[in-house]
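Following: one structure in structure tokens, then a few remarks.
Residue numbers start from 1 in every chain, and the chains themselves are labelled A, B, ... in the order their sequence lines are given, proteins ahead of strands. Because only heavy atoms are used, hydrogens play no part in the values below, and waters and symmetry mates are left out as well, while side chains stay in.
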Number of protein chains: 2
Amino acid sequence: MDIIEISKVLSNKTRLKILYWLKSPEDHFPFQHIKGNFEDGVCVQYIGEKSGLSLSTISHYLSIMQRAGLVIQSRFGKYTYYRRNEERIAEYADYLKANL
Amino acid sequence: MDIIEISKVLSNKTRLKILYWLKSPEDHFPFQHIKGNFEDGVCVQYIGEKSGLSLSTISHYLSIMQRAGLVIQSRFGKYTYYRRNEERIAEYADYLKANL
DNA sequence: ATAATATTTTGATAATTATCGAAATATAAA
DNA sequence: TTTATATTTCGATAATTATCAAAATATTAT
């Protein structure tokens, strides 16, 4: 469990918001083409639009979030979906509680 | 509970070490002048020496750690002691568990 | 009062992170 | 197989953080 890597991810307002939005995508992302449910998460475009930052920035954010283990990426055709990695997120909080 | 502020503090190896050392000062700081116990924590010099960084850097680190609520400062004469703020630290982990 | 010691603050530069637009990839659609 | 769309990667610059040495403060000891 890399506290430094995860803390860096959490040191940014937009990344925290992304994590929050992905808790309940139905409430935060109005519609999505193709896959009607949110099982696999939300695609990069939508997250980008909602964030107000450029897609390249958001793509980069999501990749460091995934490297840190906080989200899970899955690609379907030309779309990339991201969803929370609930296990890891809970694990991190537990780890801090026990070791910080 | 400011996740960003606290995460920034935790995004640094030396600051994490300080938090760790302060868990059991007796094990990490061999002796201390004047106050024989560690009730009030450890003084800046010792933390500085152990860290290998300059005192000005460590003083600055400790002040942002205190601003974030993770340590408690107390001054006695010309010495400043720092100790962990266990309540806040535990609170933070709980907060992440519930809200991240 | 003066000198010595501990800590903090300031000012500077190096290193890292944020962020964009453009270019490159990947894949689907025509 | 060209074209259009989604995403990622690259290259650049702005903003923030890291870190030091020197100067300024605080307080004790002479």
Would you jot down, in residue-number order, the residues of residues 9-17 of chain B having a non-hydrogen atom under 4.0 Å from DNA chain D?
B:Asn12, B:Arg15
Could you check how far CE of B:Met65 sits from C1' of D:dT17, rounded to whole Å?
16 Å
Among D:dT8, C:dT8, C:dA6, which is the nearest nucleotide to the side chain of B:Tyr79?
C:dA6
Rounded distance in Å - CD (A:Gln73) to P (D:dA6)
17 Å
Which atom names give the shortest non-hydrogen contact between B:His28 and B:Trp21, and what distance separates them?
CD2-O, 3.5 Å
For B:Lys8, does its backbone N or O pair with a side-chain atom of B:Arg15 as donor and acceptor, under 3.5 Å?
yes
B:Gln73 versus B:Thr80: any side-chain heavy-atom pair under 4.5 Å?
yes
When you compare the side chain of B:Ser74 with that of B:Arg83, does any pair of heavy atoms fall below 4.5 Å?
yes
Judged by modelled atom types alone, do B:Tyr82 and B:Ser63 share a side-chain donor-acceptor pair under 3.5 Å?
no
Separation of A:Tyr82 atom OH from D:dT7 atom P, in whole Å?
9 Å
Can you find a pair of side-chain heavy atoms, one from A:Leu10 and one from A:Tyr92, that are under 4.5 Å apart?
yes
Rounding to a whole Å, what distance do you find between A:Arg75:CZ and C:dA28:P?
9 Å
Looking at D:dT8, C:dT8, C:dT7, which one has an atom nearest to any side-chain atom of B:Ser59?
C:dT8
Could you go through the side-chain contact (heavy atoms from CB on, under 4.5 Å) check for B:Leu55 and B:Ser59 one step at a time?
CA-CA 6 Å; B:Leu55 280 172; B:Ser59 176; 5.9 Å; no
How long is the straight-line distance from CD of B:Glu91 back to CD of B:Glu86, given to the nearest 0.5 Å?
12.0 Å
Between A:Ile4 and A:Leu96, is there shared hydrophobic-cluster membership here, with clusters defined by ILVMFWY side-chain heavy atoms closer than 4.5 Å?
yes
Would you list the protein and nucleotides 14-16 of chain D atom pairs, both N or O, that sit under 3.5 Å from each other?
none

Rounded to whole Å, CD1 of A:Ile47 lies from P of D:dT7 at a distance of 9 Å
Restricting to non-hydrogen atoms, name the atom on B:Val9 and the atom on B:Met65 that form the minimum distance, rounded to 0.1 Å.
CG1-CG, 3.7 Å
Can you tell me how far P of D:dA4 sits from NZ of A:Lys78, to the nearest Å?
12 Å
Just the atom pairs and distances: protein N or O near nucleotides 20-23 of chain C's N or O, under 3.5 Å.
residue	atom	partner	partner atom	Å
C:dC20	OP2	A:Ser54	N	2.9
C:dC20	OP2	A:Ser54	OG	3.1
C:dC20	OP2	A:Thr57	OG1	2.9
C:dG21	N7	A:Ser56	OG	3.3
C:dG21	O6	A:Ser56	OG	3.1

Once you round it to whole Å, what is the distance between P of D:dT9 and CG of A:Leu62?
12 Å
The side chain of B:Gln45 is closest to which nucleotide in this list: C:dT7, C:dT27, D:dT8?
C:dT7
Within the side chain of A:Lys23, is there an N or O that forms a donor-acceptor pair under 3.5 Å with the backbone of A:Arg84?
no
Could you state the atom-to-atom distance from NE2 of A:His60 to P of D:dC10 in whole Å?
11 Å
